[in-house]
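Sequential numbering from 1 along the given sequence is applied to the chain's residues.
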Amino acid sequence: MKAIWLACCACGDYGLLQREVEGRDAGAQVLRVGDLDGLVSMARAFPSRRGAAIIAAALFDAEDVRKTVARLTAEGRVSRVVVLIETLDPSDIERLFRAGATEVIAARSICGNGRAGEGTVDCDRCLTIEPDAFVDREPGAPRATRGPRVDDCGKAEAEHGRCPRDPLAYDEVGEPVPYGEDLLAVDMGYVHGVSLVDELDEVEGLAGNDNVRVGATVKFPDSAPRTEQPAMPAWAQHMSASGETGTLPPVPAPPAPTPSADAAASSHRAPVVCAVSGSGGCGKSTIVAAMAHAASLLGLRAAVLDLDLMFGNLYDLLGADAPHDMATLIEPSAAGALAESDIVAASMRVAPGVTLWGPVAAPEQAELIARPVELLLDVLRRESDVVLVDTSVFWGDAVAAAVAASDRCLVVGDPSVSSATSAARVIELASRVGVPRTRMSAVFNRFGARGADEDVAMRFEITCALSSKIRIADGGQDLAALMAFGRADEAVGQTSAFATSVREATREMLVELGCAVGPWSDMVADRAMRTERPRIRLPWSREGDQR
């Protein structure tokens, strides 16, 4: 069956959108829709993930386009959403990708004002931007599109001289004029402060105002102090930017350059992996504990945070002798930084390469821990190799801040009836705090148990509608007995289906996130050699027994 694309555009733009579709999906059927509401209505008639959509954004309000893209991706009726915009405005591109768009294309000559036959189309000047170019990404993170890289397109345009000068950035004699406080809109390869020639894999600053340039360091006026903290946490700023104000606030300036001898250490940034779910008892804590030991067996230093702050028991599953109160970090965090002695005092070293923080001893202090968690995450990303976070069903400020900072969000579910529905709501919430769907993985736990067959697992994965899928095999009563005594390390080192699935999933995820994983440790290698369990010799089966 041919693929079906919905093209939301005016009649005069249909030819451009049809050529864009044919370049991506030869032989596809294209249906034109005249408005955004009609696009959503038509998409709802498709079976799940069977269709695709392409939108000429210049004909509609930018906020309406963003909301439409979010509705299409949230309902899971389309597999791809391509948006054509007239200018490469960084804030517009960032908001579209956070809403769920898979590609954003710059087509400067879309037919004017929605009237058929007006304007011209120059398809040679279309640029395809990868979503990860405008969000923080570690090497190896999955990408949502296979289009050309932005730097390659930019170089090609600069060499052929196709990009005209921006009339808003130059005076009559062709001299550049100031753009914002300190920035210049540069000719040939710069559009609204975005350098198309330089690498854009990491964006240090992104904002809707004029004093931030994408791909460059953030500059503030001399009167503004560099150490000033934002009034809201980062996750709240993302929600405000995507939902109400439509702009992101200025990002604090990066620290001063360090000496070259410490350059490698200062640039180290460990990935953060958060396990989330919408229902309790699905196995988040067990998966986090097992993955932490699996990471240590690969030679990595794993930092583990238990952000089920009120009633978390991750310290019990990891075999800690006694829990340490994470609330001891509240008072030191008031100064804006955590001392090494405070961080060490709140930590629990549960195994070689595995260190745990959390929860709090007094549940009523859980609401005060958001700022310490942000500061602690910043330190752990520099000092460890991977940060694993266990969360609670209720999202306070601390959980939301950790999820917003995550490089991979594991949406955990199990065979229970409400698991799939709860997972869909968690995915929607994570998207609103700034986590793109390309950084999420659907994790189906207890696969193979009674009532957790292939059909149930597929139903959960289809509801989540995420491209990355992980299945963790059921560990049965043996796993429950080991975890009850804090022997998660033994559970990972076994040759069981659970241990094998956890090790394979952990290794694959860490490789995608850019971690330098090594070979498995001797513990796993030795246990893998034991293909048969030793038989129990009963007393009456010995040689010479006359019974």
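Residues V288 and V389 fail the side-chain proximity criterion, which asks for heavy atoms closer than 4.5 Å. Counting heavy atoms from C-beta outward, M440 and S468 have side chains that stay 4.5 Å or more apart. Residues L479 and T286 form a side-chain contact, since some pair of their non-hydrogen atoms from C-beta on lies under 4.5 Å apart. Side-chain atoms of V373 and R371, non-hydrogen and from C-beta on, never get closer than 4.5 Å to each other. Counting heavy atoms from C-beta on, the side chains of L429 and S431 never come closer than 4.5 Å. At a threshold of 4.5 Å between non-hydrogen side-chain atoms, the residues F97 and V104 count as touching. At a threshold of 4.5 Å between non-hydrogen side-chain atoms, the residues V403 and C409 count as touching.
Screening L317, L482, V492 against R487 for a side chain to side chain contact (heavy atoms under 4.5 Å, CB included) leaves a single residue, L482. The side chain to side chain contact (heavy atoms under 4.5 Å, CB included) test with V443 is passed by exactly one of L466, V411, I287: I287. Paired with V517 under the rule side chain to side chain contact (heavy atoms under 4.5 Å, CB included), one option of T506, V386, L510 passes, and it is L510.
Residues satisfying the salt bridge (charged side-chain N to carboxylate O under 4.0 Å, His left out) criterion with E454, sequence neighbours excluded, are R471. Considering only residues two or more places apart in sequence or on other chains, F460 meets the ring pair (Phe, Tyr, Trp, His ring centres under 6.0 Å) condition with F444. Taking the side-chain contact (heavy atoms from CB on, under 4.5 Å) definition, one finds that D453 meets it with D455, V456, sequence neighbours left out. Evaluation of the side-chain hydrogen bond (donor to acceptor under 3.5 Å, both in side chains) rule for S406 yields no partner, not counting sequence neighbours. Among residues two or more places apart in sequence or in another chain, the side-chain hydrogen bond (donor to acceptor under 3.5 Å, both in side chains) test is passed with E508 by none. Applying the side-chain contact (heavy atoms from CB on, under 4.5 Å) criterion to A320, with sequence neighbours excluded, gives Y315, M348, V350. Every residue was checked against the side-chain hydrogen bond (donor to acceptor under 3.5 Å, both in side chains) condition with Q477, not counting sequence neighbours, and none meets it. Every residue meeting the side-chain contact (heavy atoms from CB on, under 4.5 Å) condition with E364, not counting sequence neighbours, appears here in chain and number order: A362.
Of the possible donor and acceptor atoms, one in the side chain of R98 sits under 3.5 Å from a partner among the backbone N and O of G434. Judged by distance alone, with hydrogens and angles left aside, the side-chain atoms of T328 form a donor-acceptor pair with the main-chain N or O of D325 at under 3.5 Å. Between the side chain of T102 and the backbone N or O of V81 there is at least one donor-acceptor pair closer than 3.5 Å. Judged by distance alone, the side chain of H268 and the main-chain N or O of S384 form a donor-acceptor pair under 3.5 Å. S501 contributes a side-chain N or O that, together with a main-chain N or O of A473, makes up a donor-acceptor pair within less than 3.5 Å.
Residues P359 and L309 share a closest heavy-atom pair of CB-O, 3.3 Å. The two residues T73 and A99 have their closest heavy-atom pair at OG1-O, 3.0 Å.
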What side-chain donor-acceptor pairs closer than 3.5 Å can you find for residues 276-284, not counting sequence neighbours?
unit_1, atom_1, unit_2, atom_2, d
S277, OG, S279, O, 3.0
S277, OG, K284, NZ, 3.1

Cut-off 3.5 Å, no hydrogens considered: what does the side-chain donor-acceptor table look like for residues 300-307, sequence neighbours left out?
unit_1, atom_1, unit_2, atom_2, d
R301, NE, D385, OD2, 3.2
R301, NH1, E383, O, 3.0
R301, NH2, E383, O, 3.3
R301, NH2, D385, OD1, 3.2
D306, OD1, D308, N, 3.1
D306, OD2, L314, N, 3.2

Table please: side-chain donor-acceptor pairs of residues 413-427 below 3.5 Å, with sequence neighbours left out.
unit_1, atom_1, unit_2, atom_2, d
D414, OD1, S416, N, 3.3
D414, OD1, S416, OG, 2.7
D414, OD2, R446, NH1, 3.1
S419, OG, D414, N, 3.0
S419, OG, D414, O, 3.4
S422, OG, S418, O, 2.9

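Every pair tested for side-chain hydrogen bond (donor to acceptor under 3.5 Å, both in side chains) that includes a residue from residues 329-358 fails, sequence neighbours excluded, so the list is empty.
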Worksheet item: Going through the checks in order, is the side chain to side chain contact (heavy atoms under 4.5 Å, CB included) test met by R507 and W520?
Response: CA-CA 10 Å; R507 184 183 182 89; W520 291 109; 4.2 Å; yes

Item to complete: Starting from the C-alpha separation in whole Å, work towards a yes-or-no answer on side chain to side chain contact (heavy atoms under 4.5 Å, CB included) for M291 and M509.
Response: CA-CA 10 Å; M291 284 188 169; M509 178 184 65; 4.0 Å; yes

